[in-house]
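In what follows, a single structure is set out as structure tokens and then discussed.
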2 protein chains.
Amino acid sequence: MTNIRDLAKMAGVSVTTVSRVLNSHPYVSEEKREKVLAAIKESNYKPNINAVHLSMGKTFLIGVVVPFIDHPYFSRLIKGIAAEALRHNYKLVLFQTNYDEDKELEALQMLKQKQIDGLIICSRISSWPIIEEYLSYGPITLCEDTRDRKVSSTFVDHYQGFMTALEYLYEKGHRKIGYCIYRSSGTNSKNRALAYQHFIEKYQLSYNPEYIISHCLHFEDGEKVVDKVQQMANPPSALLVTSDEVAAGVVTSAHNRNISIPNDLAIIGFNNQPIAQMMHITTIEIPLMEIGKKLFLQGIFQSDEPFYQEVPVTLIKRGTV
Amino acid sequence: MTNIRDLAKMAGVSVTTVSRVLNSHPYVSEEKREKVLAAIKESNYKPNINAVHLSMGKTFLIGVVVPFIDHPYFSRLIKGIAAEALRHNYKLVLFQTNYDEDKELEALQMLKQKQIDGLIICSRISSWPIIEEYLSYGPITLCEDTRDRKVSSTFVDHYQGFMTALEYLYEKGHRKIGYCIYRSSGTNSKNRALAYQHFIEKYQLSYNPEYIISHCLHFEDGEKVVDKVQQMANPPSALLVTSDEVAAGVVTSAHNRNISIPNDLAIIGFNNQPIAQMMHITTIEIPLMEIGKKLFLQGIFQSDEPFYQEVPVTLIKRGTV
DNA sequence: TTGTATGCGTTATCAC
DNA sequence: GTGATAACGCATACAA
């Protein structure tokens with residue numbers, strides 16, 4: 001492996017000059033620059049990233065916290081982050097937490113110890129005081145509405161997305177609407193709940209706690225949802241479902257039991273995943289790949305001031321409403 | 001950030017001694033070891049990984065090449081790799097190739113330039129001569145049967161898995177059996193094709209090229225499969241399908257068109273993904289998470305001799321046959 | 001069993 | 001414009 005000193009010798013200049021052309025700094029004559037460039041080409045030189053990192057005091061590593069790596073929602077987010085990271089010569093440190101707070105703290109600790117340059121938390125379990133404590137050690141970026149906090153984020157307005165879906169169902173004549181989520185504690189879930197509550201109040205609909213079904217995350221959870229709906233004395237006529245993955249499960253289960261969709265039960269999913277397109281599921285599109293890219297850029301190129309970035313969502317009308 | 005020199009002062013020893021206890025080397029008295037340990041605890045010391053890396057000439061980075069990051073098969077593999085990598089303080093560099101050879105070459109180049117310590121190729125596009133050329137620059141690990149090559153691998157015996165599935169269908173009375181794959185050129189696909197050919201010969205069944213449907217990768221491809229089957233003058237009575245994801249798509253489409261499964265069409269998927277369990281799809285189980293872990297260990301702790309590691313598969317009988 | 005001194009390959013400071 | 005040289009923090013050969 002040829003190094004910067006070898007290059008200097010080959011080009012007949014000093015290491016400083018080599019470093020200058022390597023980093024395209026000013027103050028180097030065209031003549032010497034070309035000599036160095038030639039030497040680089042001839043020797044097939046590549047900088048030793050370890051030395052660069054040590055010298056710069058940076059790791060070029062970005063931590064990514066997700067509850068589940070192999071879940072369609074998060075793997076799509078990771079895809080976006082990874083694509084942008086590669087472009088900027090950053091590497092990923094993937095933390096799968098399973099929503100275990102200790103796992104998330106491990107990631108936060110790595111930030112504190114400067115083992116990573118920044119941390120992206122795609123879905124959070126630790127409380128605000130914890131996050132805010134670690135904020136002083138390095139950039140933390142979230143994927144939820146943080147406008148009331150001093151933490152940067154790229155987020156989707158789940159309140160608006162949910163409301164749009166609800167209004168659409170109302171317009172279609174539905175008055176008994178339920179919804180599925182994974183966990184009720186997350187910010188995104190809370191925003192969805194808030195929209196639901198406001199919607200109920202606005203149209204003076206009755207509130208039925210049964211209509212809110214939690215722990216829905218995978219395709220196979222769709223079956224549980226249909227189970228519950230079938231057991232209700234007064235079942236909903238429409239359901240907003242966690243994600244298209246789960247919505248697809250609901251639709252599949254419903255078919256198996258001769259529940260007609262949308263006649264017996266209308267369904268709206270989220271994310272506009274490929275599966276929603278194939279199964280003609282009406283959905284709220286969330287551009288996850290794009291969000292992943294934004295999260296990365298925000299996580300690395302961050303100023304002192306928190307920066308909030310909202311990504312718009314779109315209702316995609318298909319066959320399940 | 002306190003460093004090794006600060007520790008030495010605090011403990012009243014030399015940096016060498018500190019380094020020794022840090023790396024649990026022998027030849028350090030219990031007395032001094034404890035002083036150092038105390039200093040470490042007190043100062044909340046963490047080694048600067050950049051310095052460690054530079055000094056050791058290693059990056060502690062492992063490259064992972066996949067065609068698609070957000071595909072259930074590969075994201076599960078990544079999950080296994082990431083889990084094991086984290087345990088060993090390694091970080092991931094994710095390359096999504098989309099089966100573009102240049103992308104794969106980028107990863108290979110990084111290995112050559114010592115930008116990563118090892119490379120795991122989960123699905124390969126480049127030819128053997130290319131792989132073998134880069135083998136001299138660092139450990140490369142594959143996820144396909146490489147027993148006729150000098151490249152290490154953790155692999156599934158797709159020949160055996162396919163044959164098991166075929167024999168099972170034969171036993172159930174099927175004589176017109178087709179199969180779906182993504183691409184025909186991969187080693188794994190070739191092994192499946194070989195099993196199919198041997199099976200056909202063994203039972204003297206007629207070979208119908210129509211029965212082999214390629215480019216099946218996602219749930220939504222299941223619909224195309226059903227389309228094709230319906231258009232055949234002499235359709236197969238059973239289908240081995242790329243993955244459970246695609247199998248689920250086939251089953252869903254079949255339901256939508258009142259094709260009875262398994263009566264009109266029997267289906268066997270692969271991987272035993274959660275979706276297969278939910279939809280009661282008969283499948284060949286492939287332990288992807290476990291394979292991912294093995295791939296990592298193999299990729300990092302590799303001797304000079306190539307090492308081949310076969311992972312067994314199991315037929316899981318459910319309702320689609 | 002311990003410590004000194006050197007190297008790892010860069011970047012950055014400063015004098016020229 | 002240019003070039004010595006000092007960090008950066010750790011591992012290790014070698015001397016003691």
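Each chain gets a letter, A, B and so on, in the order the sequences are listed, and its residues count up from 1. The shown structure was predicted, so the numbers you read here are calculated from the model rather than taken from an experiment.
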Open item on the list: Mind checking if B:T17 touches a base, just sugar-phosphate, or nothing, with heavy atoms under 4.0 Å?
Closed with: sugar-phosphate
Open item on the list: Nearest whole Å is fine: how far is C:dT10 P from A:N48 CG?
Closed with: 6 Å
Open item on the list: If I take atom NZ in residue B:K35 and atom P in nucleotide C:dT1, what distance separates them, rounded to the nearest angstrom?
Closed with: 17 Å
Open item on the list: Could you tell me how far apart B:K9 (NZ) and C:dT2 (C1') are, to the nearest whole angstrom?
Closed with: 18 Å
Task: A:E42, CD atom: more than 12 neighbouring heavy atoms under 6.0 Å - done: no
Task: Length of the NE2-P vector between A:H25 and C:dA12, whole Å - done: 6 Å
TODO: Using modelled atom types only, decide if a donor and an acceptor are shared between the side chain of A:T17 and the backbone of A:V13 within a distance under 3.5 Å.
DONE: no
- [ ] Looking at every strand, decide which applies to B:V18 at a 4.0 Å heavy-atom threshold: base, sugar-phosphate, or nothing.
- [x] nothing
- [ ] Over 60° means perpendicular and under 30° means parallel, so classify the ring planes of A:Y182 and A:Y99, tilted if in between.
- [x] parallel
Open item on the list: Within the 4.0 Å heavy-atom criterion, would you say A:P26 contacts the bases, only the backbone, or no part of the nucleic acid?
Closed with: nothing
Task: B:K58 NZ to C:dG9 C1', straight-line distance once rounded to whole Å - done: 18 Å
Open item on the list: Please determine whether a side-chain nitrogen of the Lys or Arg among A:E305 and A:K150 lies less than 4.0 Å from a carboxylate oxygen of the Asp or Glu.
Closed with: no
Open item on the list: Let me spell it out: for each of B:A51 and B:Y27, pick the nucleotide of DNA chain C with the closest heavy atom. Which residue's pick is nearer the 5' end?
Closed with: B:Y27
TODO: For atom NZ of A:K79, decide whether the heavy atoms of other residues, nucleotides or ligands shown that lie under 6.0 angstrom number more than 12.
DONE: yes
Open item on the list: Tell me the interatomic distance from A:R5, atom CZ, to C:dT11, atom P, rounded to whole angstroms.
Closed with: 12 Å
Open item on the list: Rounding to an integer number of Å, can you tell me how far A:H53 NE2 sits from C:dT11 P?
Closed with: 10 Å
Task: Residue B:S29, side-chain atoms from C-beta onward, closest of C:dT2, C:dT10, C:dA12 - done: C:dT2
TODO: Please state whether the phosphate of C:dT11, meaning OP1 or OP2, lies under 4.0 angstrom from any side-chain nitrogen or oxygen of A:S19.
DONE: yes
Open item on the list: Side-chain N or O of B:K32 versus OP1/OP2 of C:dG3: is the shortest distance under 4.0 Å?
Closed with: yes
TODO: Could you check A:V15 against A:E31 and say which one's nearest nucleotide on DNA chain D is further toward the 5' end?
DONE: A:E31
Task: Range on DNA chain D touched by chain A - first to last nucleotide, heavy-atom distance under 4.0 Å - done: D:dG1 to D:dG9
Open item on the list: Salt bridge or not between B:R149 and B:E132? Use side-chain N to carboxylate O under 4.0 Å.
Closed with: yes
Open item on the list: Salt bridge or not between A:R124 and A:E144? Use side-chain N to carboxylate O under 4.0 Å.
Closed with: yes
TODO: Among the candidates C:dC14, C:dT11, C:dT4, find the nucleotide nearest to the side-chain atoms of A:M56.
DONE: C:dT11
TODO: Would you indicate what B:N50 reaches in the nucleic acid, counting non-hydrogen atoms under 4.0 angstrom: base, sugar-phosphate, or nothing?
DONE: nothing
Open item on the list: With a 4.0 Å cut-off on N to O distance, would you call A:K293 and A:E290 a salt bridge?
Closed with: no
Open item on the list: In this structure, how many angstroms lie between the C1' atom of C:dA12 and the CD1 atom of A:I4, rounded?
Closed with: 12 Å
